[in-house]
Every structure is written in C-alpha cells, then in structure tokens.
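Heads up, the thing below is written out as structure tokens.
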2 protein chains.
Amino acid sequence: MTDPIELNLDGNAFPDRTERADAAANRALILTTAERLFRERGVENVCMAEIAEVAGVGKGTLYRRFANKGELCLALMDSQLAEFQDSMLGRFQSLTQQGTPFLEQLAQFLESLVEFTEVHSPLLLEVARAGIVHMDARLNVPHFWQYMTVRALLRSAARNDELVADLDLDYFGEALLAPLQVDYFRFQRYVRNYSTARIGMGLRSMVKLLAA
Amino acid sequence: MTDPIELNLDGNAFPDRTERADAAANRALILTTAERLFRERGVENVCMAEIAEVAGVGKGTLYRRFANKGELCLALMDSQLAEFQDSMLGRFQSLTQQGTPFLEQLAQFLESLVEFTEVHSPLLLEVARAGIVHMDARLNVPHFWQYMTVRALLRSAARNDELVADLDLDYFGEALLAPLQVDYFRFQRYVRNYSTARIGMGLRSMVKLLAA
DNA sequence: CTTGTATCTGGACTTTAGTCCACTTGTGTG
DNA sequence: CACACAAGTGGACTAAAGTCCAGATACAAG
C-alpha cells in the first residue's frame, strides 16, 4: 500500500546538511521547554518570545529552527504522528490479510483519525492558524499523509469492486477528510456539541454510502 | 422552507440602539474606504490602521464598528450575501413548484455556493482567519445560514422519501459543507488545482449518494 | 593546533492586531 | 433653547509574531 512518508517534522529545517551539535542541543531544549509550557498553561497562552526566554535562547535561534508556532507544534507531535501512522499501516496489513473490505478499513481509519484529532486539537489548531497565515507547505504534511492513505484505500476498494461506479476518487478523498480539519472539527465538537462517537459514526455512514 | 435569517452583518454592533448619525456616516466611510483599498491592493496587504488613516478616523472608531478585520470583511459582503440568499430561496420555491426533487435542489445549492466561495474567497479567507483566532460567533453567521438551508433541504428530501434510510441528517449537513470552508476550498483550488467545476461535480455526486 | 567559513545566536527592531480611556459630540427631554 | 449623558472618537499603548544582522562558534581541513 502506501509507503510510509518521511514526515520530517522534527524541526530540522535543513535536513540535507548535518546540524551542528550545539544547534541540535538547542532544538531539543526548545522542544522540551515548549512542551512543558504548553502543558502548564495551554498552547494559546504561551508566546514564542516566552518559549525562547524560558529556554534561555534568543528569538533568532527559536525562529531559525521553527519558522512559526505551527511548525513548533507540529514538531511536538512528530513522534505521536509517526506512531499513529505506523499503527495504522500495521492494522491495514492485518485487516487485509483477514480479508476485511477496504471500505471497512477506511471507516476505521477515519474513526481513529477522529480520536487523534480530538486528542491533539490544541496543537493542531495552532498549526491550522499558522497555515492560514503563511502558505507554508510543511504545515500540510500530516494532511498529505492522511490524504494519501484515504486515496489508497479508496483505490484498493475500487479495484476490489467495493465501490459504486464513476466516483471521482481523488475528490472524495479530500471530501471525506474535510470535516476533520481542526477548525471545523472543533466547531462540531464545541459549538454543535457533537460527541466524537457521533462524528465517527457520521463519517462511517458516509463511507458506507460509497459501497456498491 | 427556511425563513430568511436576519444576517445583520452591516457592521452596526448594537442593533437594538439607534446609531448616531455621525457614527453611521463614519461606518459608511470606513466601508467604502476599505472596499477601495482592498480592490486596489488586495485584502491581505491592507492593515486596519491604514484603513482608519485613509478614511480619516481613529483606530478606536474603526474597531468600535468592526471588532476585527473579519467582521469588516463580512460587512463588505453583506449585500452580496443577502442577494445570494434571496436568489436561492426564490430558486427553491420555483424548483419545488416544478416538482424538482429536493436532492437536486441541494446539489444546485452547493454548486452555487462553490461559485460564491470562489468569487469571495479573499474576503472569506480573512473571515476564517479572524474566526480561528477569536471565537467570534458573528463570524459564523454565513455558515449558520448555509447549514440551515442544507439541513432544511435534507429534511424535505427525507420527508419526500428521496433519501436512503437512517442518515444522521444533522451531521450530513455539516459534512457536505465542510469542503466549502474557505481554507480547505483554497487548498483544493490552488494546491490540488481542482477547477470549480470539478469541485461542484464532486459535491453533486456526493449528494447523489444520499439518494434512495 | 590554527584557521577559514558555514552555521548559529541573541536581541533589537518592525509590523500589525487589538485595547483603553480621556475627551468630544449628537440627541432626546424638559 | 440648554443641558445631561449616552454614544462616539482619536490616538497612545500593549502584545505578539516574525525579521534581520553583526558577532560568536563549531567543526573540517591542513
């Protein structure tokens, strides 16, 4: 299926060159500091200057590693993102072996994504905020992976004759993911007061509609 | 069907009290100034301070009328929004009289919304940006109207036995609108390079899937 | 160990959003 | 008309994001 994509969100902005040792140390320092401050006082109440100050580095250093708050937040999710990705790929493999339909796998993927989004929504919101200001491609990396996954599952399903005819699979991949964009997700959660279960069910029934 | 909702986006922050004449004049002045500056130099390249300055008013005056740039942008779309709303309601009436299925009406509504979003995407983007920062309910007014409309059409369709059974209509209303959120829409348009026609077709086929 | 240089660093600086409040002005009431 | 006071106004001020660059420093090559 999809090869694992190199996420490369660890904050090393120049993956080609080797990072100087002091720079790497500062990068780690910044990340642990940010993690602590975010945990203690909430992502939105901590500003970049403060992270730099508490970490004991200058703003220039901070911004050299992370071009904006969104990238920093993404870096903080790096390992969980990779873990989520790995666990999903593993699950797909085992489900496929058991002969589980690809559409069912898709439904499960979306349900898991609901939980992931729920858990990380504060950080993801910051990423979205940064994304809407700068058009920074790096910030879209998670979405790209999600999209690749959904599209791959849709294509497999199509090859397996699970789908109704004549669907624009590329478009549907996007459409299924659209309600999971953080800002929209939070709207559904906290304005509409939908539970994650309800959102998951909704997405599942949406997938069901694609079935032949 | 749905009653026209009082949009009230004209920038009068205190609709109960009557606005003082000088204030009303300033409000109009601000709007025309902003409209001109946005047209000349692009929404994102004009800051609030400049609008105030060119209009010859203080920032306090500007912010008293429009709590943030998003509200100002929304006010600039006020008449087009109302016009769009009216024309849609008119269209629904005539289509219903001709016996057009409600799902077809829904598809047409979404297609029209694609065009509306396309045309106003710069202003809408600013609204979204403001919305993601402040949790300002006023900024959601257009979405609420869209949602009410979609949901009403879905309910009518259900009453008319046009739908497959057991759908969470409230959820589907949101899900159908999710790909039309400006930021996501722009991603599809300018990163994915989807045409508006393709997006419209995608939404239409999504609606089709709901058909019994 | 020395040195050249690419990389890194701190923090002053710019920009923009948005707040605040002392002062001014329009308007309804008598 | 005059006057009280709610409503409106200007612009200084704060907060935060993000830029810039002169000087500092790691590290590779000799």
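Quick caveat, the model's predicted, so the values are computed rather than measured. Letters A, B, ... mirror the listed sequences (proteins, then strands); counts begin at 1. Scope of the values below: all heavy atoms of this structure, side chains included, with no hydrogens, waters or symmetry mates.
Ring pair B:H143/A:F187 is perpendicular by interplanar angle, where above 60° counts as perpendicular and below 30° as parallel. Between A:F84 and A:F116, the two ring planes are tilted [angle within 30° to 60°].
Checking the phosphate oxygens (OP1, OP2) of C:dC8, no side-chain nitrogen or oxygen of A:R27 falls inside 4.0 Å. Side-chain nitrogen and oxygen atoms of A:T61 include none within less than 4.0 Å of the OP1 or OP2 phosphate oxygen of C:dC8.
Regarding A:D136, its CG atom lies at a distance of 13 Å from the C1' atom of D:dG18, rounded to whole Å. When rounded to the nearest whole Å, the span between CZ of B:R64 and C1' of C:dT25 equals 13 Å. The distance between atom CD1 of B:I30 and atom C1' of D:dG8, rounded to the nearest whole Å, is 11 Å. Taking atom CD1 of A:I51 as the reference point, atom C1' of C:dG11 lies 17 Å away to the nearest angstrom. Nucleotide D:dG8 holds its P atom 10 Å from the CG atom of B:N26, rounded to whole Å. Rounded to a whole Å, the CG atom of A:L29 is 14 Å from the C1' atom of C:dG10. Rounded to whole Å, the distance from CZ on A:R65 to P on C:dT7 is 11 Å. When the P atom of D:dA16 is taken as reference, atom CG of A:L62 falls 15 Å away, rounded to whole Å.
The environment of CD in B:Q80 is crowded: more than 12 heavy-atom neighbours from other residues, nucleotides or ligands sit within 6.0 Å.
Residue pairs meeting the side chain to side chain donor-acceptor pair (under 3.5 Å) criterion with at least one member in residues 41-50 of chain B, sequence neighbours excluded, are B:R41-B:E50.
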5' to 3', nucleotides 13-21 of chain C under a 4.0 Å protein heavy-atom cut-off (B base, S sugar-phosphate only, - none) gives ---SBBBB-
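Residues passing the side-chain contact (heavy atoms from CB on, under 4.5 Å) test with B:S79, sequence neighbours excluded: none.
Between B:Q108 and the options B:E104, B:Q105, B:E111, a side chain to side chain donor-acceptor pair (under 3.5 Å) holds for only B:E104.
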